[in-house]
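Take a look at the following structure, please.
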Amino acid sequence: MIGPSFDAVLAGAARGHDEAFGILWRDLQPGLLRYLNALAPGAGEDLASETWLRVVGGLRRFSGDERSFRAWVFTIARHRAVDRARRAVRRPDAPVPLEALADLPAPDDPATAAVDAISTRAAVALIATLPPDQAEVVLLRVVAGLEVAEVAAITGKHPGNVRVLSHRALRRLAELLGAAPRVRGGV
Amino acid sequence: MVADGVFPPEMPDTPYDPAERLLGGRLDPEDAPPGYAEVATVLRAAAGPPCPDELAGQPAALATFRRVRHRARVRARLVTVALAGTLAIGGLWIADGAHSPLGLLSPSGGPGSGGPGSGAPAGAAGSGGAGSGEAGTAPALRAALPPVGAAAGEGGGGSPELPSTRERAIARHGGGGASRGGGSARGVRPATSSKGPTAKPPKPGKAEPGKAKPGKAEPGKAKPGKAKPGKAGEAGRGGGGEGR
């Protein structure tokens, strides 16, 4: 989050200042990539570029605080991803990456239990294995830092549905993480 | 396995809600409910600081930003130039219409003509021209323009009444304003005459434009003989009363 200087940064970006736009970009691009890579595996970069093109085109017309701006950017990103999915002849499968999460620590291994040991990419990949609506809700909450109402507005769902989906996603994640070491340990 | 009842379906949406704290990254793995420490770890990692490869596209993004902004600026400049050009051309066209150097608005072909039917010499071109222009293709524009010419003194004095009287005349005579106006000797009569256009009730059948005879409306068919050269100086007044 940019914080109190957000208004000045946004105004500068709308006037065409590179530095101001760079601040916005650095703040939002990582979350945007993680979200889009989960929604459309392998197309995150392209979709993020399309999203930023739209954002730049609409910067002058946008008015609102930082939360609204984040919600707006992720709304554009979601529309780009949905459009791409519609255009695609068939959606590429996202293989379950549990075996690929070599750097995911086992919960019973204190040496590898440090947060730093889990790469961001692996964590996002794990979230992406959830059912799509659950994964999207979790990513918008966690990666984009949006509240329930904002996620509901972006996804077109009722806030209650968003809460239910996020709770189910957390349960599912806990099951996945609890089951993984048992499989590896042969129990 | 995950303990049941950790996340009841109806949880209050408060910062103390474990699920909300988990999703908001505010819950330490040590403080997480049983079975959720790993989830907290994963969620924290997912919201972690940006990797270098995630920010590798910044130069390209800035270049795109500059290009889009530049294009927008050029487009805005083009729109401004086009707008200014349109306004300038429109202004010139209106000015042309006022002076009628091209005769665009004057069906009699003359600049504010003392042309056929106007009966006014060139010196009285202001009112006579306006009179002949009445039957033209742009009466509203004509009505909006002030009379220009040597006789604009008196004719101009009547100009504030021109639009309404002209429109009335056009409606009454079915576009025959040119011949009427062309016979501007009729304008010798004072506009305040009791026989003026407002005093005369229009004859049914003649008052409606649709029933007017088109032949009479043509300026070329007006009788030039009706014009009295000696009264040329009064043609300006004719301009004032040309709405008839």
Side-chain angles (χ1 to χ4, degrees), chain A residues 13 15-16 18 21-22 25-27 29-34 45 48-49 52-53 56-57 59-60 104-107 113-124 126-127 137-139 141-145 147-148 159-160 163-164 166-171 173-180, chain B residues 1-13 17-30 32-73 76:
Chain A
R15 283 197 298 270
D18 289 0
F21 177 74
W25 190 88
R26 281 193 300 274
D27 181 54
Q29 173 73 357
L32 211 52
L33 273 181
R34 294 169 195 175
E45 291 276 357
S49 296
W52 281 112
L53 270 178
V56 170
L59 265 182
R60 280 175 173 271
L104 190 67
V115 173
D116 292 344
I118 303 178
S119 74
T120 299
R121 189 169 299 183
V124 172
L126 179 62
I127 294 171
V137 164
V138 169
L139 286 169
R141 294 293 318 273
V142 173
V143 171
E147 296 295 335
V148 171
R163 281 195 197 91
V164 168
S166 56
H167 292 171
R168 284 181 186 162
L170 292 176
R171 281 200 187 96
L173 276 177
E175 286 171 5
L176 286 172
L177 290 166
Chain B
M1 282 300 287
V2 179
D4 287 336
V6 174
F7 298 121
E10 295 294 332
M11 294 179 73
D13 190 15
D17 174 3
E20 290 302 310
R21 290 172 65 197
L22 263 176
L23 292 166
R26 297 187 298 267
L27 190 64
D28 284 332
E30 294 83 21
Y36 284 86
E38 297 81 17
V39 177
T41 305
V42 167
L43 294 184
R44 278 199 162 195
C51 310
D53 60 334
E54 287 175 335
L55 298 177
Q58 185 171 359
L62 282 176
T64 304
F65 175 70
R66 282 189 210 108
R67 196 174 62 242
V68 170
R69 301 304 304 176
H70 175 72
R71 211 178 296 161
R73 255 183 241 128

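Residue numbers start from 1 in every chain, and the chains themselves are labelled A, B, ... in the order their sequence lines are given, proteins ahead of strands.
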Report task. Test B/E38 against every option in A/L173, A/L126, A/L176, A/L177 by the side chain to side chain contact (heavy atoms under 4.5 Å, CB included) rule and name the one that passes. Result ->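 Going through A/L173, A/L126, A/L176, A/L177 one by one, the side chain to side chain contact (heavy atoms under 4.5 Å, CB included) with B/E38 is satisfied by A/L177 alone.
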Query raised in the report: Would you say the side chain of A/L59 lies within less than 4.5 Å of the side chain of B/F65, judging by non-hydrogen atoms?
Result: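 Sidechains of A/L59 and B/F65: in contact.
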Query - Choice from B/G24, B/G57, B/P49 maximising heavy atom contacts with chain A below 4.5 Å - result: B/G57
Report task. For the residue pair A/P30 and B/L55, establish whether any side-chain heavy-atom pair is separated by less than 4.5 Å. Result ->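 With C-beta onward as the side chain, the pair touches.
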Query raised in the report: Is a side-chain N or O of A/T120 found less than 3.5 angstrom from the main chain of B/A46, in a donor-acceptor match?
Result: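 Between the backbone of B/A46 and the side chain of A/T120 there is no qualifying donor-acceptor contact (under 3.5 Å).
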Report task. Check whether any side-chain heavy atom of B/L43 sits under 4.5 Å from a side-chain heavy atom of A/I127, and report yes or no. Result -> yes
Query raised in the report: chain B: which of A/D18, A/V124, A/V56 shares the most heavy-atom pairs with it under 4.5 Å?
Result: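 Looking at each of A/D18, A/V124, A/V56 in turn, A/D18 comes out on top.
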Query - 4.5 Å side-chain heavy-atom contact, A/R15 and B/R69 - result: no
Requested in this report: Under 4.5 Å, counting heavy-atom pairs only, tell me which of A/R26, A/Q29, A/R168, A/R34 racks up the most with chain B.
Outcome: A/R34
Query raised in the report: Relative to chain B, which segment of A/L32 carries a heavy atom at a distance below 4.5 Å: side chain, backbone, both, or neither?
Result: neither
Query - Proximity breakdown for B/A61 and chain A, heavy-atom pairs closer than 4.5 Å - result: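 It is both, since atoms from each part get that close.
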Query raised in the report: With a 4.5 Å limit on heavy-atom distance, are the side chains of B/L23 and A/L170 in contact?
Result: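 They are in side-chain contact.
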Query - Nearest heavy atoms of B/A45 and A/A123, plus distance in Å - result: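 Result for this residue pair: CB-CB, 3.8 Å.
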Report task. Examine whether an atom of A/W52 lies under 4.5 Å from a heavy atom of chain B, and if so say whether it belongs to the side chain, the backbone or both; otherwise answer neither. Result ->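 Neither part; nothing is under 4.5 Å.
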Requested in this report: Report the distance from atom OG1 of B/T64 to atom CH2 of A/W25, rounding to the nearest 0.5 Å.
Outcome: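 The CH2 atom of A/W25 is 10.0 Å from OG1 of B/T64, to the nearest 0.5 Å.
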Requested in this report: List the steps and the verdict of side chain to side chain contact (heavy atoms under 4.5 Å, CB included) for A/V142 and B/R44.
Outcome: CA-CA 8 Å; A/V142 173; B/R44 278 199 162 195; over 6 Å; no
**Report entry** Check: B/E54 and A/R121 side chains under 4.5 Å, non-hydrogen atoms
**Finding:**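 A/R121 does not reach B/E54 side chain to side chain.
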Requested in this report: Please examine the side chains of A/R171 and B/V39, heavy atoms only from C-beta on, and report whether any two atoms are closer than 4.5 Å.
Outcome: no
